[in-house]
*Asks:* 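Before I ask anything, let me first share the structure, which is written out below as structure tokens.
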There are 2 protein chains.
Amino acid sequence: MGNSRKAVMGRPRGFDIDQALERAMRVFWARGYEGASLAELTGAMGITKTSMYAAFGNKEQLFRKALQRYGAGPAAYATCALEEPTARAVALAFLRGAVRTTTPPEGPSGCLTVQGALAAGDESQAVHDLLVDWRNDAGVRLEERFRRAVDEGDLPRDADPRRLARFVMTMGFGIAVQAANGLGPAELDEIVDTAMLGWPA
Amino acid sequence: MGNSRKAVMGRPRGFDIDQALERAMRVFWARGYEGASLAELTGAMGITKTSMYAAFGNKEQLFRKALQRYGAGPAAYATCALEEPTARAVALAFLRGAVRTTTPPEGPSGCLTVQGALAAGDESQAVHDLLVDWRNDAGVRLEERFRRAVDEGDLPRDADPRRLARFVMTMGFGIAVQAANGLGPAELDEIVDTAMLGWPA
DNA sequence: TCACTTAGGTACCGAACGGTGCAGAACGCT
DNA sequence: AGCGTTCTGCACCGTTCGGTACCTAAGTGA
């Protein structure tokens, strides 16, 4: 023991683990957690089930990794938007980002965190709960940003940060469903404009 | 032939078909189409698989009947709202109805038509498409109602009925997701109030 | 009573599900 | 070369999936 050698031992992995995860993410995105079978996942990843289990553990952990990648990639807009200078700009950037991500020129429509496991059987309860937390966290971060905006005088003093955050999140979820329904980015951007009409001065 | 006798022949059905359908609807509502297994469905319906197949055909047709019942029952608000006198009242009634239906005091949270099959495997493509049509139809009916409102001078002449209808539908979908996320009717009603702030005079 | 019709229960079907055991293949190290 | 280690491919595990064959139960009509 005590040997901290990091040299790679044994047979090297025969596939690009990052690319495989990216492809798995897209399958989960399109099919949801339960709708994505191991056969389809590994087929898209270009590896066998054995390799997948060796590299990721099991289906649920593969999903968790894919969700992590989704948050850092396609859904990064949710975090980036928080850096906008005003609350209005934050909300607008958040919703425009949601539109862009849910209607990619190629790839699945909608939002992984919404269609992943809105409703599911017993066995995927853990994944369902994970996604509930994920969505709620996004709302909390938005709420904190709006609270700061009130403190900074950027939002009127009587504005309710939690309420505004929930409103924006609701629009975001609705956009995800509309995107899955077939609406394109232009139509969704119009909806965003309509939603912003009532934004506090 | 020609015998139009309606007398019931053979062994009478041993269960209330209406009640069984109601219970199946609730299981689909909570679990989604794929997440609801025949075992859970028939268990909740209080009948065996054989009886279910004899009475409803198969799982997909059971879902179609359940969806029909959902539209006539819990989701009747979507049609009733159209009868309100003004466009604003229609939108408000629609969204309040969505809040009430997606947060029942007992029974599953969320909306059957949203969590039914947002994302799914190949085999339930037909159900997925059915729900896409269902949701789009609701939007079209709302759009027609708002178009009438413009004609009647109830909405400003430069208002875009389609855009408004899509906005309201988006809010409705978002509310369904928020309800599934655990938000209660009071919080959702606040969100509705916020959404209505930008409604055209 | 007896044929006819329909519903219910059991036991089963083939397929697909997520997940593994195992033998060999491919590497670094000595 | 030989060893330890890790990855891969095949075959297979038990379970659950939606769906059905078949026999019996329970009614009507004659």
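These numbers come from the heavy atoms of this one structure, side chains and all, not from hydrogens, waters or symmetry mates. The structure presented is a predicted model; accordingly, all values stated were derived computationally and were not measured. So you know, we letter chains A, B, ... as the sequences are listed, proteins then strands, and number each from 1.
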*Asks:* Using a 3.5 Å distance criterion without hydrogens, assess whether the side chain of B/K59 forms a donor-acceptor pair with backbone atoms of B/A36.
*Replies:* yes
*Asks:* What integer distance in Å separates A/M9:CE from D/dG4:C1'?
*Replies:*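 For the pair A/M9 CE and D/dG4 C1', the rounded distance is 6 Å.
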*Asks:* Got a sec, which residues hit ring-ring contact (aromatic ring centres under 6.0 Å, His included) with B/W134, two or more places apart in sequence or on another chain?
*Replies:*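 Partners of B/W134 under the ring-ring contact (aromatic ring centres under 6.0 Å, His included) test: none.
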*Asks:* Which one, C/dC29, C/dT10, D/dG9, comes nearest to the side chain of B/T48?
*Replies:*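 Minimum distance to the B/T48 side chain belongs to C/dT10.
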*Asks:* Sorted by first residue and then second, give each salt bridge (charged side-chain N to carboxylate O under 4.0 Å, His left out) pair with at least one member in residues 33-48 of chain A; sequence neighbours left out.
*Replies:* A/R31-A/E40
*Asks:* Are any protein N/O atoms closer than 3.5 Å to N/O atoms in nucleotides 17-24 of chain D? If there are, list each pair with its distance.
*Replies:*
from	atom 1	to	atom 2	distance (Å)
D/dC17	OP1	B/S37	OG	3.4
D/dG18	OP1	B/K59	NZ	2.8
D/dG18	OP2	B/L38	N	2.8
D/dG19	OP2	B/Y53	OH	2.5
D/dG19	OP2	B/K59	N	3.2
D/dG19	O5'	B/Y53	OH	2.9
D/dG19	O6	B/K49	NZ	2.5

*Asks:* Using five pairs at either end of the helix from C/dT1-D/dA30 to C/dT30-D/dA1, determine the angle between the two local helix axes and round it to 10 degrees.
*Replies:*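 The angle, to the nearest 10 degrees, is 10°.
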*Asks:* Would you mind listing every side-chain hydrogen bond (donor to acceptor under 3.5 Å, both in side chains) that reaches into residues 72-87 of chain B, with sequence neighbours excluded?
*Replies:*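 Sorted result for residues 72-87 of chain B: empty, none.
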*Asks:* Pairs in or reaching into residues 10-21 of chain A: which pass side-chain hydrogen bond (donor to acceptor under 3.5 Å, both in side chains), with residues at least two apart or in two chains?
*Replies:* A/D18-A/R69
*Asks:* Looking at DNA chain C, which of residues 12-32 of chain B put a heavy atom within less than 4.0 Å of it?
*Replies:*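 The stretch gives B/P12, B/R13, B/G14, B/F15 as the residues lying under 4.0 Å from the strand, ordered by number.
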*Asks:* Going by the rule salt bridge (Lys or Arg N to Asp or Glu O under 4.0 Å), which residues pair with B/R141 if we only count those two or more places apart in sequence or in a different chain?
*Replies:* none
*Asks:* Atom CG of A/L41 and atom P of C/dG18: how far apart are they, to the nearest Å?
*Replies:*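 From A/L41 CG to C/dG18 P: 8 Å.
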*Asks:* Could you list the residues that satisfy side-chain hydrogen bond (donor to acceptor under 3.5 Å, both in side chains) with B/R96, not counting sequence neighbours?
*Replies:*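 Per chain and number, B/R96 pairs via side-chain hydrogen bond (donor to acceptor under 3.5 Å, both in side chains) with B/D189, B/D193.
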*Asks:* What residues, two or more places apart in sequence or in another chain, satisfy side-chain hydrogen bond (donor to acceptor under 3.5 Å, both in side chains) together with B/D137?
*Replies:* none
*Asks:* State which residues pass salt bridge (Lys or Arg N to Asp or Glu O under 4.0 Å) with B/R148; sequence neighbours excluded, sorted by chain then number.
*Replies:* B/E152
*Asks:* For A/I47 and D/dC10, what is the distance between atoms CD1 and P respectively, to the nearest whole Å?
*Replies:*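 Computing the A/I47:CD1 to D/dC10:P distance gives 14 Å.
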*Asks:* Which salt bridge (charged side-chain N to carboxylate O under 4.0 Å, His left out) pairs, counting each pair once, include a residue from residues 100-115 of chain A, with sequence neighbours left out?
*Replies:* none
